[in-house]
Each structure stands twice: as C-alpha cells, then as structure tokens.
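Order of the sequence lines sets the chain letters (A, B, ...), proteins ahead of strands, with each chain counted from 1. Computed over heavy atoms, backbone and side chain alike; hydrogens, waters and symmetry mates excluded.
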Protein chains: 2
Amino acid sequence: MAGKIDLRRLPPLKALRGFEAATRHQSIRDAAEELCLTHPAVSHQVQLIEEALGVPLFVQQGRHIVSTEEGRVLYPYVRSAFESLLEGVEAAQRNALDKPLRVQTYITASIRWLAKRVPQFLAEHPEVKLTLSTSGTDWEFDDKHADVGLVYCETPPDPAKFHWVPLFDYALFPVCSPSFQQEHGGAVDARGLMDLPLVAIYTEQQNWEGWFRSAGVAYDPHVPYILVDTCAVAIEMAVAGQGVALINGPFVDKELADGRLVTPVEHREVCPGGWGLVCRKDLKDNVRVRTFIDWVAGHAAAMG
Amino acid sequence: MAGKIDLRRLPPLKALRGFEAATRHQSIRDAAEELCLTHPAVSHQVQLIEEALGVPLFVQQGRHIVSTEEGRVLYPYVRSAFESLLEGVEAAQRNALDKPLRVQTYITASIRWLAKRVPQFLAEHPEVKLTLSTSGTDWEFDDKHADVGLVYCETPPDPAKFHWVPLFDYALFPVCSPSFQQEHGGAVDARGLMDLPLVAIYTEQQNWEGWFRSAGVAYDPHVPYILVDTCAVAIEMAVAGQGVALINGPFVDKELADGRLVTPVEHREVCPGGWGLVCRKDLKDNVRVRTFIDWVAGHAAAMG
DNA sequence: CTGACCGGTAAATTTTTCTTATCTGTAGAT
DNA sequence: ATCTACAGATAAGAAAAATTTACCGGTCAG
C-alpha cells in the first residue's frame, strides 16, 4: 500500500474514455457511436484532456482528425491503465466469487425444496460455492452468518436494510396418505377432520386453530394432536399414514402429484406474508448473491 | 493501436480516486481531506464502485473502515492504472516540450528587447527550445507558422480565436543623441523640432504627422525626412547623431538610461493599442506557450 | 458547384457530483 | 453507567459537470 501520491495532476478520468475511443477510431463520430454518446460530447471530452495536459492531442486534417505525436505517445498509457482496471475488477470479482455463499434456510424448505435443486444450481454455476445452514429453530434471518436467507416472513422485512424477493405465498392446507383417508371413511369435511389424528408442529400449534376457523368450523381445543418438531417430520408422518398434517408452500407438490399424499379437504387458509429470499441491501448486487437469487427466483416462478 | 475493447465494464472512473485514497488511509475522512472533498462525497464514491462491481470493498469495524479482501485485491490494479496515466501525461508533455516553440516578432522588438532576454529564458527553462522568426514586413500574427507572437496591435485580436497578453502601451516620443542636440542649439520645443533632420520609417511616415498634431503643432508636409526601413535602423541613426527618431515602447530604455540618447522634447503621443503577446486560444494552456508567456510578461512588467 | 460528411461551437438540459444537515453506532472518559 | 467526541452512513438540496440539441463552417466527391 505505497504511500504519498500526487493525484492532482491526473487528467479528467471520465473524459479519458472519449480520448481512447477517438484515438482508436481516428474519428470523433465513430468514437461517439461506440460510447453511445453524441459527437459534441466526445469532442468536449477530448478538449478537456487537451486543456488539462496543455498539449494538443488531435489536429484536423481535411475533414478528419489525426492524432498528434503527443496523442500517439499518450494512447498506450491510457490503454494500459484501462486494462489494468479491467483486470482489477475481474480479480476482485473472482475473489468474491471464490468464497462460498452462505445460505440460511428452515429445515423444511431446505430438505423438501432447496436441497433438491442445489445440485442443478451448482452444475449451472460451477464458479459459485454454497454453504447451506439449515435450522429448525431460528426464524429470524441472521445477516451476520448468512448472505442469503430462504425464509418465511409475515410482513416483508425492513426495506431500508434488506432486499426481499417473494417466492411463494403461504397457504395452509391439510394432507394425508390415500390409505389413511380410506381407513377413516373416505371424503370428509372440515368438521369431520377434527375427529382424526392431526399432526401439529410444536412451535405452530396455533396453525390448526386458524385453519379450522378460516374453514368456518368452531375450534375444539381438545383435538387429538400428534406433536412433532418440524414440518418435514409432519410430512413424513402423513406419508406414513399416521395422521393429517397441515402444510404450506410447495413442499409436498411431488407427493401430491404422484399420489403418495392427498388433500382430504380442499380448503386452503391463505395467510399473510409468504416465503421469499432475503439479503442485506448492500449485498443485493453482489455477483454471487445476485446469481443465486435470480436462479432460485426463476425456478420458484417456473415450478411453483 | 489495438482493436476492440469492452469499456462498458469499467468502473466509474472518477470515483476511483476516492477508493484509492480511502484504501490508502483506511479512513473516509482522511481520504476526503486529501482530495479536498467532504466525507459524504468520498463515502458515496466508494459505494458507487461497490455497486458497480457488486463486491463490498470496505467493512465497518468499530468506528473505522477496513478494506475487505476484495478491496485489497483491487487496490494495486487501480494504483498501477493511475501510475500509468501519470506516466502517460508526463511522456506527452515531455514530448510537447521537446519541440521548439516558434516565436514571431517584429525585427525591432526582437533586436532591441526580446533577443537580449532570450538567453536568460533559455537558461531558466532549459527544457524549452525556441525558434525566433523576425520580420520587418509581416504585421499580422501568422498562427500557421508561429506558436506565439510578440506584436503590436491597435485593437486586441479577436478573443474568440486568440489569447492576448498586453505588455507595453504604444506612446511615440522623439529621441536623438546628446551631441546632436547640442549641435542644433540645445533644448527646443515641438515647433523647433520640425526644422531638424527627422528620421522616419517608410511604412510609418504618418507617425511624425500624428505626433506633431498631438503636440499642438501645425504639421508641415515638407519637413526634411530621412527614410529608413525599420525602427531598429532609426534608433541607430539617432544614436549616431544623424537626426531625431520617433520611437515607441521600451526599445531605447537602455540608451536613455546610459545617456547615449536624450529626448529633445518631452511630449509623448499616446496611441491606441499596444505591444503584447498573442497565441491561438487553444494553445494558451500549452506548457511551452504558457511558460514562455508567463516569463515574458513577468519581465515586461518588471523592467518596462 | 452542390450536397453529404465531419468536426467545432453555443445554449440549454439533464445528470452527476458535492455539500449541508442530521442520524447511528462506537470507544474512551468521567 | 452515562456522557462526549469521533467515524461513517444517509437524505435532500445545491452546485458543477456532462450531455444533447441545434447550428455553423470547412472539405471533398460527384
């Protein structure tokens, strides 16, 4: 980190691009076109540098311009400065890319949605490494230990600090195995469901209550619950024919499609908020973060 | 002059100075001070680059900032880009300096004022070479063949095309040698002067007429003239005691000071315009031109 | 000689940059 | 603990810069 420097005598940096292009084309208009500017803009940029250096860089010859000797002397230095900058940008971005992206998820979202798709992501983006940290207990996105979170939020997080990309809405619906359904007398209504063994999650026992209420059924606090600790386990219980689980999101799409699970009652309780990706606002343009978010959001939109 | 390039992905060049200084100081405020800016300006510049690269370059640690790994990776590239630019500027300026500066003068101004001072200028500015082109006939500054002119103008040249630095005003006064004065009866008035042999310049015979008029003396067109072709010769004639010459500017200061010339009549005819330096407007900031103009103007002010 | 082409210039507008004022969080002192 | 001084971030407005639009003048090819 070398010391002292005399940055004062640097030429107007922005205008250097005009000089570079004008020198390369030996034409103001062509340079302007390349830079998506009008020709007076480039003309002005060149004049700025000529003034700053106190040296003419072009002379008009007929209706064209031609670099002066000084212009030709200066050009390679400018060129190599630009190349150095481009190299630097690439090096910094490569460096950033080399670090694994830390992704925080809830255990259910991880097991039943993200984990399945991660291999494809890694195959499509071999330059990005991932670290998944799944937790069944932490509901809050922890920006100290993760770059991106796939989380559920009732209300979108503070937009002043966080970038939020919604993925799926949050609607609760009951599922059970087809054999379980037959054993308990085929089709039932919401009221009938209350007599069956219901699988609930420790931390979200109130979900059933809300669902019954939204289905227009008076809630009986003495409903026979089977308590498990995560939604992923509740799903396994339902598949195994142990009871009716209350699910949200796209986490049982596959089981519903291939018939391992059915919805004994069609009613869905639409809840506020939804699942989405979250990251610190200042990271939203980070190459790794952007790559990951765009990819996941694309797949969520495509496959629900 | 290598071809193609992808300038699009260059970072915002102007903001790079902020990044450079902030990295070097590891402090936004110190960087701002060095760049003569306020700290929000530098803060913003850094953010601009971080956004452009999609990579954080600093993290806040306590109440200070510290470069991230990416910032440390990027820095040397930026640094070397700046150094390349500074080298380029120097190389171009050195190149420009190597060419001789073409100075156009009238013969009198050259012989009696400029030529004497040129050696000192060359000694003080060994990097600047001069080509003097003196002419007794060309009155118009010829910007095709000269970079700077030391010329007389009745009215300042068009400021849209030329840069003009006035040096001395133009006031006509008569001079002769002391012996000549004594031979012709000592002190005289303007009227008496008309009877003496007057030295006039071919191309400016009307000068005497104007001088007499401004002195309040009726002009007699039959005054005995000795005609010479340049003012420099007229001066020599006067020194040699051949007659009275009509002089302007500082061109006989030395002879008046050491007594080789005297002013037989004190009246001076102040004429419009004056002597000055002229150059094309677009050259006024050229290093060689500026050096020369500043030096000459300084000496003209100091020594009249 | 005419018309298309090229670059320069001026004025106005848009964009960028910078400053002023305020806020948040940290570290050191009381 | 609480207060103060300090370092940065942020927002809004002001200042400065870059850019565009419209136009001019010179040059060259037909």
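Closest approach of B/Leu35 and B/Gly18 over heavy atoms only: CD1-CA, 3.8 Å. Contact record, A/Phe141 with A/Arg280: CE2-N, 4.4 Å, taken as the closest heavy-atom pair.
Considering only heavy atoms from C-beta on, B/Tyr77 stays 4.5 Å or farther from A/Val89 through its side chain. Side chains of A/Arg17 and A/Phe82 form a contact here, defined as non-hydrogen atoms less than 4.5 Å apart.
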Query - Sugar-phosphate or base contact per nucleotide [nucleotides 15-20 of chain D; S, B, -; heavy atom under 4.0 Å] - result: ---SBB
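Atoms CG (A/Leu13) and C1' (C/dT17) sit 14 Å apart, rounded to a whole Å. One can place CG of A/Leu57 at 16 Å from C1' of C/dG7, the figure rounded to the nearest angstrom. Here the C1' atom of nucleotide C/dT17 and the CG atom of B/Leu35 are 13 Å apart, to the nearest Å.
The existence of a salt bridge linking A/Glu34 and A/Arg24 is confirmed by a sub-4.0 Å separation between a basic side-chain nitrogen and an acidic carboxylate oxygen.
Not one side-chain nitrogen or oxygen of A/Ser43 sits closer than 4.0 Å to the OP1 or OP2 atom of C/dG7. Listed pair A/Gln61 / C/dC6 fails the phosphate criterion, with no side-chain N or O lying under 4.0 Å from OP1 or OP2.
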List, with names and distances, any nitrogen or oxygen atoms from the protein found under 3.5 Å away from nitrogen or oxygen atoms belonging to nucleotides 2-7 of chain D.
residue, atom, partner, partner atom, Å
D/dC6, O2, B/Arg63, NH1, 3.2
D/dA7, O4', B/Arg63, O, 3.1
D/dA7, O3', B/Arg63, O, 3.0

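Within 6.0 Å of the CD atom in B/Glu33, the count of heavy atoms belonging to other residues, nucleotides or ligands does not exceed 12. For B/Glu124, the CD atom counts as densely surrounded, since its 6.0 Å shell holds more than 12 non-hydrogen atoms of other residues, nucleotides or ligands.
No close placement of the B/Trp113 and B/Tyr106 rings is indicated, their centers lying 6.0 Å or farther apart.
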